[in-house]
There are 4 protein chains.
Amino acid sequence: MAGRKRDEAARQAILQSTFELMREEGFSRLSIEGVAACAGVGKATIYRWWAGKGALAVEAFLTAAEPLIAFPTSGSARDDIVRQMRLLAEFYRGPAGRLVREMIGAAQCDATIRTAFMSDFLEPRRELARAVFRRGVAAGEFRADVDADVAIDALWSPIYYRFLVSGAGMEDAFISAHAEIVLRGLMVDGV
Amino acid sequence: MAGRKRDEAARQAILQSTFELMREEGFSRLSIEGVAACAGVGKATIYRWWAGKGALAVEAFLTAAEPLIAFPTSGSARDDIVRQMRLLAEFYRGPAGRLVREMIGAAQCDATIRTAFMSDFLEPRRELARAVFRRGVAAGEFRADVDADVAIDALWSPIYYRFLVSGAGMEDAFISAHAEIVLRGLMVDGV
Amino acid sequence: MAGRKRDEAARQAILQSTFELMREEGFSRLSIEGVAACAGVGKATIYRWWAGKGALAVEAFLTAAEPLIAFPTSGSARDDIVRQMRLLAEFYRGPAGRLVREMIGAAQCDATIRTAFMSDFLEPRRELARAVFRRGVAAGEFRADVDADVAIDALWSPIYYRFLVSGAGMEDAFISAHAEIVLRGLMVDGV
Amino acid sequence: MAGRKRDEAARQAILQSTFELMREEGFSRLSIEGVAACAGVGKATIYRWWAGKGALAVEAFLTAAEPLIAFPTSGSARDDIVRQMRLLAEFYRGPAGRLVREMIGAAQCDATIRTAFMSDFLEPRRELARAVFRRGVAAGEFRADVDADVAIDALWSPIYYRFLVSGAGMEDAFISAHAEIVLRGLMVDGV
DNA sequence: AAATAATCGAGACGGTACGTCTGGTCTTACC
DNA sequence: GGTAAGACCAGACGTACCGTCTCGATTATTT
């Protein structure tokens with residue numbers, strides 16, 4: 001038999017409360033208890049639909065952040081890449097950066113978060129980057145003998161390294177200096 | 001001032017217990033309570049000498065791991081760099097990798113850990129890398145107009161990215177492919 | 001009036017499941033949730049027809065136990081009384097005793113149970129006792145100046161006291177010793 | 001080694017809060033959570049020292065009630081007994097009665113409560129009664145061939161029966177009528 | 001030597017949050 | 001309209017650790 005349907009209003013209230021609390025206090029202070037109280041919802045309702053704090057946070061983050069991070073693509077592949085890197089660095093310097101940072105942090109101890117964050121947030125963005133790179137190869141800008149994933153890692157990794165590990169700045173000047181080095185290694189000689 | 005000296009035996013017992021527990025169960029399951037019980041030590045003794053779980057874990061990790069990660073330097077700068085990258089990737093693929101990963105993860109929510117880990121673990125290693133890079137510049141292998149920190153990030157970041165974010169493999173083939181790209185951008189033309 | 005009739009099969013299934021679960025695990029472990037699951041019935045169906053766990057348990061108990069506790073009456077009033085007391089003590093020593101005990105226990109916090117248990121279980125049995133006592137008075141066995149309810153309490157109360165409070169044994173020897181005392185007080189002098 | 005001593009102030013606060021809450025809302029509404037909040041105490045502190053809600057309630061009740069129930073004994077055994085019965089009935093008709101009732105109720109499902117209540121509350125009172133009865137035997141008031149425990153049950157049980165089971169009144173008139181019957185059976189003939 | 005002072009182990013304390021459980025209500029789809 | 005299924009809000013359960021705080025016992029220095 002059927003039974004009552006999932007209450008969409010409760011689902012929304014939970015996700016919004018989660019995002020709100022996370023934005024105000026950070027992922028580490030987030031508690032299921034707090035979300036339930038803030039959303040006016042029983043704890044069991046949260047545990048029924050989400051595996052834990054991590055899964056909830058990732059979904060809340062994506063739901064709230066998805067509209068904000070549409071990276072535009074146009075012009076030459078080289079220019080698109082540098083522009084994308086600058087936009088990403090800017091995005092991570094902003095308020096959402098802290099959340100991304102804390103969630104990647106939490107993902108180190110929790111495979112659920114890692115998987116969810118990877119497949120729902122990072123992979124789509126990476127696919128975009130692959131398309132741009134391939135466009136560059138097709139246009140004769142980039143060497144054809146380089147693996148796209150290696151190239152993409154070479155280009156974007158330092159943003160994550162500075163963001164997650166060293167905490168060093170990610171200003172446009174750094175992005176330019178870094179891109180100059182790697183693109184020199186990626187571009188067809190003499191171009 | 002008078003008073004009893006700090007008990008070195010207790011300090012060692014605490015650090016060893018911390019490392020042991022961390023190795024067995026991971027950083028996230030580590031608890032001060034557990035360390036105290038395992039080391040046969042009062043909790044207050046831990047809180048008196050360490051700021052918290054993070055600081056304790058970092059020190060325990062470094063004490064135990066330091067002997068294992070002495071990167072040798074010799075030969076050409078280019079070769080030394082690639083060899084170092086391979087050793088680092090190998091180190092992170094091993095059992096210590098999980099601990100480093102979890103500690104960098106925890107550092108995202110805890111500035112104490114971040115600072116301790118940075119200054120005691122990463123910065124010394126980075127200083128070594130800077131020395132090698134400068135040697136390469138002096139030897140005419142590398143371009144003189146490139147900032148050492150930008151170059152180092154360009155070289156080593158993908159290891160951390162794959163390690164922390166994408167989870168992709170870090171085999172020697174990848175290291176070689178990546179190094180080839182970046183070194184092409186770093187080396188003096190025609191060399 | 002339109003609408004489906006009450007489903008007698010569901011009612012039976014609920015009562016049987018209640019008795020079953022109560023017999024296996026005791027009244028305190030009984031839960032509406034469990035009854036619903038065991039009977040293959042919605043929780044709402046139970047709440048629609050019974051006031052709560054207590055009311056349900058009492059009805060289930062009476063339905064199942066009623067056939068087992070028909071106290072026979074015959075012979076002299078004095079003998080009937082002692083025989084009844086022995087049978088009651090035996091009944092309470094058996095498996096049903098635990099249920100009665102737990103239900104009287106629950107009745108201390110729940111007037112619903114108290115009322116239901118009283119009117120449906122105890123009062124009918126008491127009425128029987130009154131009849132026997134009155135027969136004894138009519139036959140000249142018992143003093144006519146004693147209130148039947150006081151006499152009945154004097155006779156049967158110790159069974160309940162030992163059963164509910166002190167936990168002391170209720171063997172035939174005790175019943176005899178007790179009855180001897182009280183009957184001495186109840187019988188017409190010189191009989 | 002020793003460790004910190006138990007905090008007597010916390011103990012008192014817990015017992016008083018327990019009694020307070022129990023008096024206001026009854027045993028069934030009592031919750032450890034509520035006691036902790038009311039006493040300004042961590043839940044763990046309660047669980048550290050008491051086995052559960054039952055053990056806590058019994059101790060709180062005894063602590064608070066002990067001063068109120070010192071039954072005086074003097075005069076003839078017969079008179080003492082009737083006076084004690086009247087005092088007990090009065091005590092149970094009062095506010096403490098509800099608590100005793102609920103605790104005996106809870107004891108039906110929880111051996112911990114039963115044991116604690118028996119040994120700490122009932123048995124001491126019973127021992128007093130035994131002493132009085134033996135005094136009566138020694139004084140030639142009571143028959144020497146009657147077991148003290150049987151006699152005591154015969155005398156006091158109806159108070160408990162009416163209190164716990166039938167809910168009938170326990171006024172002095174009833175006590176007198178009941179005592180008259182049983183004492184007739186207990187006293188030496190012709191006295 | 002005695003007095004002083006900081007450290008140690010143990011562990012109780014007030015708290016927070018956990019994840020589970022049950023209670024009683026409400027909704028939906030089927031009969 | 002009654003029913004089975006089951007989601008919902010509510011809130012207590014007992015547990016695990018947190019970081020702080022006594023305790024007494026144990027060293028070292030300083031008088």
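Keep in mind the model is a prediction, meaning the values are calculated, not measured. Lettering of chains follows the sequences in order, A, B, ..., and the numbering in each one begins at 1.
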_Using whole Å, what does the distance between atom P of nucleotide dC17(F) and atom CG of L56(B) come to?_
15 Å

_Sequence-distant partners of F27(A), ring pair (Phe, Tyr, Trp, His ring centres under 6.0 Å), two or more places apart_ = none

_List the residues meeting ring pair (Phe, Tyr, Trp, His ring centres under 6.0 Å) with Y92(C), not counting sequence neighbours, and say none if there are none._
Y160(C), F163(C)

*Take atom CZ of R11(B) and atom C1' of dT7(E), then tell me their distance rounded to the nearest Å.*
15 Å

*For R4(B) and dT7(E), what is the distance between atoms CZ and C1' respectively, to the nearest whole Å?*
5 Å

*asked:* S17(A): which residues meet the side chain to side chain contact (heavy atoms under 4.5 Å, CB included) condition with it, sequence neighbours left out?
replied: V35(A), C38(A), A39(A)

*With A36(A), which residues qualify under side chain to side chain contact (heavy atoms under 4.5 Å, CB included), at least two apart?*
K43(A), I46(A)

_Listed partners of A37(C) passing side chain to side chain contact (heavy atoms under 4.5 Å, CB included), at least two apart_ = none

*Only pairs at least two apart or in different chains count here, so list each salt bridge (charged side-chain N to carboxylate O under 4.0 Å, His left out) that has a residue in residues 49-58 of chain A.*
none

*What residues in residues 22-42 of chain B put a non-hydrogen atom under 4.0 Å from any atom of DNA chain E?*
G40(B), V41(B), G42(B)

*Verify the neighbour count for atom CZ of R29(B): are there more than 12 heavy atoms of other residues, nucleotides or ligands below 6.0 Å?*
no

*Residue closer to the 5' end of DNA chain E, R6(B) versus K53(A) (nearest nucleotide)*: R6(B)

_Listed once per pair and sorted, the salt bridge (charged side-chain N to carboxylate O under 4.0 Å, His left out) pairs that draw on residues 99-118 of chain B, sequence neighbours left out_ = R98(B)-E102(B)

*Go through residues 98-110 of chain B and report each residue with a non-hydrogen atom lying under 4.0 Å from DNA chain F, sorted by number.*
none

_Residues that E8(A) engages under salt bridge (Lys or Arg N to Asp or Glu O under 4.0 Å), provided they are two or more places apart_ = R11(A)

*Which residues satisfy the side chain to side chain contact (heavy atoms under 4.5 Å, CB included) test with Q16(B), sequence neighbours excluded?*
Q12(B)

*Taking the inter-plane angle between the rings of F19(D) and F61(D) on a 0 to 90° scale, is it parallel (under 30°), tilted (30 to 60°) or perpendicular (over 60°)?*
tilted

_Whole angstroms only, please: what is the NZ-P distance between K5(D) and dA25(F)?_
9 Å

*Report the residue (E8(D) or E8(B)) whose heavy-atom-nearest nucleotide on DNA chain E is the more 5′ of the two.*
E8(B)

*Taking only heavy atoms on the protein side, list every residue of residues 43-52 of chain A lying under 4.0 Å from any atom of DNA chain E, sorted numerically.*
K43(A), A44(A), Y47(A)

